[in-house]
Amino acid sequence: MTSVPELTQDEVAQLLEDHPKWELAREGKAITRTFQFGDFNEAWGFMSRVALIAETQDHHPEWFNVYAKVEITLTTHDAGSDGGGLSIRDTKMARAIDRLV
């Protein structure tokens, strides 16, 4: 498996500045965001749209859904040398997800 370059500290700072509703998680190796919708149908529709983007980008989120709430975590499992981190893939996915809401 080929390693994907991790974002630098400056690139992570820019990612968070560009997407202020996302927060660092997993000791800086991931970002996370919680979305609240009006009901389950809205949440499921959102998840379906994210799933289509994920397939197109070949970069799939980790997520959790309860009724109208969706929690998404983005990380690149093959980034860096120590088992994962943030990469340009996460930046692109966060941008695409933010455009949906």
Side-chain angles (χ1 to χ4, degrees):
M1 178 184 327
T2 303
S3 180
V4 176
E6 272 188 274
L7 297 179
T8 65
Q9 288 183 355
D10 288 343
E11 290 168 329
V12 170
Q14 187 64 54
L15 168 61
L16 295 173
E17 184 177 321
D18 292 345
H19 304 280
K21 294 184 179 180
W22 291 85
E23 299 176 350
L24 280 179
R26 300 183 188 163
E27 298 177 359
K29 300 290 187 181
I31 54 173
T32 188
R33 180 173 173 189
T34 300
F35 299 84
Q36 188 66 46
F37 297 94
D39 58 27
F40 180 76
N41 285 333
E42 285 182 29
W44 190 260
F46 168 75
M47 290 176 70
S48 296
R49 290 188 303 277
V50 171
L52 293 172
I53 292 167
E55 280 296 301
T56 300
Q57 294 188 11
D58 193 27
H59 189 57
H60 303 86
E62 298 174 14
W63 53 17
F64 179 76
N65 165 244
V66 174
Y67 187 61
K69 181 171 80 171
V70 178
E71 297 173 7
I72 296 180
T73 300
L74 298 175
T75 190
T76 302
H77 297 285
D78 55 350
S81 59
D82 61 352
L86 291 167
S87 77
I88 191 68
R89 294 176 181 177
D90 303 301
T91 300
K92 289 178 181 179
M93 184 61 93
R95 183 182 316 119
I97 291 170
D98 283 353
R99 287 181 183 152
L100 293 175
V101 292

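The chain is numbered in sequence order, starting from 1.
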Exercise for the section: Tell me, with the steps shown, if E71 and V66 meet side chain to side chain contact (heavy atoms under 4.5 Å, CB included). Expected result: CA-CA 9 Å; E71 297 173 7; V66 174; over 6 Å; no
Exercise for the section: Starting from the C-alpha separation in whole Å, work towards a yes-or-no answer on side chain to side chain contact (heavy atoms under 4.5 Å, CB included) for T91 and L7. Expected result: CA-CA 9 Å; T91 300; L7 297 179; 3.7 Å; yes
Practice task
Check step by step if side chain to side chain contact (heavy atoms under 4.5 Å, CB included) holds for F35 and V101.
Solution key: CA-CA 9 Å; F35 299 84; V101 292; 4.0 Å; yes
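Between G85 and T75 the shortest heavy-atom distance is O-OG1, 3.4 Å. Between I31 and L86, the shortest heavy-atom contact is N-CD2, 3.8 Å. For the residue pair A96 and Q57, the shortest heavy atom distance occurs at CB-NE2, 3.8 Å.
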N/O donor to acceptor pairs below 3.5 angstrom from side-chain atoms of residues 42-54, sequence neighbours left out:
unit_1: E42; atom_1: OE1; unit_2: G38; atom_2: N; d: 3.0
unit_1: S48; atom_1: OG; unit_2: W44; atom_2: O; d: 3.0
unit_1: R49; atom_1: NH1; unit_2: G45; atom_2: O; d: 3.3

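Cluster membership check: L16 shares its hydrophobic cluster with L74, using side-chain heavy-atom separations under 4.5 Å among Ile, Leu, Val, Met, Phe, Trp and Tyr. Hydrophobic cluster membership is shared by I72 and F37, with clusters built from Ile, Leu, Val, Met, Phe, Trp and Tyr side chains linked at under 4.5 angstrom. Residue W63 is grouped with residue M93 when hydrophobic side chains (ILVMFWY) are merged at heavy-atom distances under 4.5 angstrom, including chains of intermediate members.
A side-chain donor-acceptor contact under 3.5 Å links S87 to the backbone of R89. Looking only at distances, no side-chain donor or acceptor of Q14 sits under 3.5 Å from a matching main-chain atom of E11. One N or O on the side chain of N65 and one on the backbone of Y67 form a donor-acceptor pair closer than 3.5 Å.
Environment of CD in Q9: sparse, with no more than 12 heavy atoms of neighbouring residues, nucleotides or ligands closer than 6.0 Å.
Rounding to the nearest 0.5 Å places OG1 of T73 at 5.0 Å from CZ of R26.
Residue pairs satisfying the salt bridge (charged side-chain N to carboxylate O under 4.0 Å, His left out) criterion with at least one member in residues 92-101, sequence neighbours excluded, are listed as follows: R33-D98.
Between D90 and K29 no salt bridge is recorded (no basic side-chain N to carboxylate O distance below 4.0 Å).
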